[in-house]
Amino acid sequence: MALDIGCYYFPNYHTGDPRNENVHGPGWNEWELVKSATPRFPGHHQPNLPLRGFLDERLPEVMTENINLASSHGINTFIFDWYYYNDGPFLNRALEEGFFGADNAGKLKFCTMWANHDWVDIHPCTRFGGRTLLYPGKVTRETFEKIARIHVENYFSRPDYYTIDGKPYFSFYELNKLLASFGSAAETKRALEDFRSACKSAGLPGLHLNCVVWTKAILPGESKPRNLPELLAELGFDSITSYVWKHHVGFSKNETPFDEILAGYLQYWDSVLKEYQIEYFPNVSMGWDSSPRTVQTEIWGPEWDLGYPFTRIITGNTPERFENAMRIVAEKLMKLPQKHKIMNINSWNEWTEGSYLEPDLRYGFGYLDAVKKVAESVGRG
């Protein structure tokens with residue numbers, strides 16, 4: 001089977017989002033944190049700046065360029081981090097205005113990962129200040145039904161929505177928040193079954209339900225449920241995946257080498273293959289450095305590891321090492337007996353977490369070129 005390469009897309013790089021403007025002021029988006037980033041300790045490489053400038057992703061012409069770049073470098077799907085809370089949507093303009101309005105949207109598939117985590121005010125964050133909860137990830141059954149309806153009526157019907165065996169792919173970021181929303185595994189299963197039924201009633205062959213899993217929490221409020229293999233089987237999930245390597249590997253040093261994190265991730269993957277009965281879609285992370293989300297005047301070094309976003313970082317993540325990691329993961333995946341050869345990358349544009357493929361001033365198109373080389377050499381089936 002052909003290799004599919006998806007790439008997570010974090011849609012907080014556009015103007016005019018009502019929630020952002022209410023908290024941060026008119027015109028604010030996450031580029032402001034990128035612009036403000038500074039080196040925090042000797043040898044720290046900041047800021048990481050975009051080669052193409054601070055583009056507004058809600059503009060169709062900007063997304064047209066993104067689609068051309070991604071599709072010409074071996075990526076076939078944007079997995080949009082998708083936000084919806086009890087009081088409505090958040091960060092939806094990149095998808096619904098930019099991507100949907102692009103002249104070439106048919107060149108690239110899209111799908112959604114419902115980022116159902118708490119949204120906490122960490123843009124930027126102080127060392128010891130409170131992390132104010134702005135939008136809770138726990139939702140009502142009514143809100144979940146709205147989410148399902150939006151997808152069935154507005155997204156899944158599009159020819160460019162990504163499917164597996166003809167079934168639309170829908171992913172959940174945080175399982176614990178999903179369970180908390182319905183109060184029990186039984187009620188959660190019932191809600192998921194209703195989502196599947198709505199898809200079939202709309203003439204779709206079904207729904208491919210995916211869950212992001214982790215062993216180490218990152219964001220404030222994140223937690224890991226116990227007995228994950230049994231729970232996911234009980235809930236009827238079709239597959240699992242990862243969002244970022246930091247969810248699975250501890251950082252042994254203040255500046256942890258990229259290859260060390262890769263080795264830890266490969267060990268984690270081996271454990272997943274032993275523990276889970278459903279398919280796992282592996283992940284390659286370009287890097288990790290969340291310091292742009294910290295208040296830059298704070299005295300801080302990664303040795304203090306004060307919790308997100310004051311965390312240790314990955315170093316040595318050159319395009320060459322990233323290409324090597326891509327190749328190792330892709331070749332291992334293609335040798336496995338699992339039916340679907342799907343991998344994902346973190347990320348297209350997690351600039352403030354130090355994990356992005358977009359061209360930068362340091363390495364140019366190096367990371368995208370790495371993806372292209374691996375996609376071409378491993379093959380598409």
Side-chain angles (χ1 to χ4, degrees), residues 8-12 14 16-23 79-97 99-100 110-123 131-158 161-162 167-202 204 206-213 217 219-225 231-232 234-238 243:
Y8 288 112
Y9 189 107
F10 176 58
N12 201 19
H14 60 272
D17 185 276
R19 295 179 191 264
N20 275 338
E21 295 198 337
N22 182 56
V23 174
I79 309 168
F80 280 89
D81 296 357
W82 193 83
Y83 295 85
Y84 200 100
Y85 296 100
N86 278 329
D87 57 351
F90 182 34
L91 301 181
N92 62 337
R93 300 187 75 178
L95 175 61
E96 296 191 352
E97 296 179 26
F99 191 90
F100 289 174
F110 83 98
C111 59
T112 58
M113 179 202 69
W114 179 27
N116 61 326
H117 58 77
D118 291 344
W119 186 272
V120 179
D121 188 7
I122 49 173
H123 301 85
R131 274 71 166 165
T132 303
L133 174 61
L134 297 177
Y135 318 120
K138 178 181 176 181
V139 301
T140 65
R141 177 63 183 264
E142 180 184 13
T143 295
F144 184 73
E145 289 172 353
K146 289 180 182 177
I147 290 168
R149 189 161 56 249
I150 289 169
H151 279 77
V152 172
E153 295 178 359
N154 300 340
Y155 296 174
F156 294 166
S157 59
R158 292 179 59 95
Y161 196 92
Y162 182 70
K167 300 175 182 179
Y169 174 98
F170 182 87
S171 184
F172 294 87
Y173 179 76
E174 188 167 352
L175 183 59
N176 261 0
K177 286 292 187 293
L178 182 67
L179 291 165
S181 295
F182 300 109
S184 69
E187 286 301 315
T188 302
K189 182 178 181 179
R190 185 171 293 110
L192 296 178
E193 289 175 343
D194 288 347
F195 195 178
R196 290 187 193 273
S197 297
C199 289
K200 291 181 178 178
S201 296
L204 297 165
L207 177 65
H208 185 104
L209 289 174
N210 172 272
C211 186
V212 174
V213 297
L219 295 174
E222 285 183 355
S223 56
K224 179 180 75 71
L231 177 58
L232 290 165
E234 177 185 348
L235 295 175
F237 277 90
D238 300 291
Y243 188 74

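Keep in mind that what you see is a predicted model, and the values were worked out from it rather than measured.
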Please name all residues satisfying side chain to side chain contact (heavy atoms under 4.5 Å, CB included) with [X], sequence neighbours left out, ordered by chain then number.
| X | value |
| --- | --- |
| Thr132 | Asp121, Leu134 |
| Thr143 | Tyr84, Asn86, Val139, Thr140, Ile147 |
| Asn12 | Phe10, Asn20, Trp28, Glu30, Leu91, Trp119 |
| Ser184 | Ala186, Glu187 |

- Query: Residues in ring-ring contact (aromatic ring centres under 6.0 Å, His included) with His151, at least two apart?
  - Reply: Trp82, Tyr155, Phe156, Phe170
- Using a 4.5 Å cut-off on heavy atoms from C-beta on, say whether the side chain of Cys111 contacts that of Phe80. no
- Report yes if the side chains of Ser171 and Ile79 come closer than 4.5 Å at any heavy-atom pair, otherwise no. no
- Working for side chain to side chain contact (heavy atoms under 4.5 Å, CB included), residues Val213 and Phe237: CA-CA 12 Å; Val213 297; Phe237 277 90; over 6 Å; no
- Message: Tell me which pairs pass salt bridge (charged side-chain N to carboxylate O under 4.0 Å, His left out) where either residue lies in residues 79-96, with sequence neighbours left out.
- Response: Arg19-Asp87, Arg93-Glu97
Report the distance from atom [atom1] of [X] to atom [atom2] of [Y], rounding to the nearest 0.5 Å.
| X | Y | atom1 | atom2 | result |
| --- | --- | --- | --- | --- |
| Leu207 | Leu192 | CG | CG | 8.5 Å |
| Glu174 | Lys138 | CD | NZ | 13.0 Å |
| Ser181 | Asn176 | OG | CG | 10.5 Å |
| Leu179 | Leu231 | CG | CG | 5.5 Å |
| Cys211 | Met113 | SG | CE | 10.5 Å |

- Message: Regarding Arg131 and Asp118, does a basic nitrogen lie under 4.0 Å from an acidic carboxylate oxygen?
- Response: no
- Message: Check this for me: does any side-chain nitrogen of one of Arg149 and Glu145 sit under 4.0 Å from a carboxylate oxygen of the other?
- Response: no
- Is the backbone N or O of Leu209 less than 3.5 Å from a side-chain atom of Asp238, with the two atoms forming a donor-acceptor pair by type? yes
Distance-minimising heavy-atom pair for [X] and [Y]:
| X | Y | value |
| --- | --- | --- |
| Ala115 | Tyr173 | CA-CB, 3.8 Å |
| Val152 | Cys199 | CG2-SG, 4.0 Å |
| Tyr83 | Pro11 | CE1-CD, 4.5 Å |

- Message: Using ring centroids (six-membered ring only for Trp), state whether Tyr9 and Phe110 fall under 6.0 Å.
- Response: no
- Task: Please work out which of the three classes, parallel, tilted or perpendicular, describes the rings of Phe144 and Phe172, given edges at 30° and 60°.
- Result: parallel
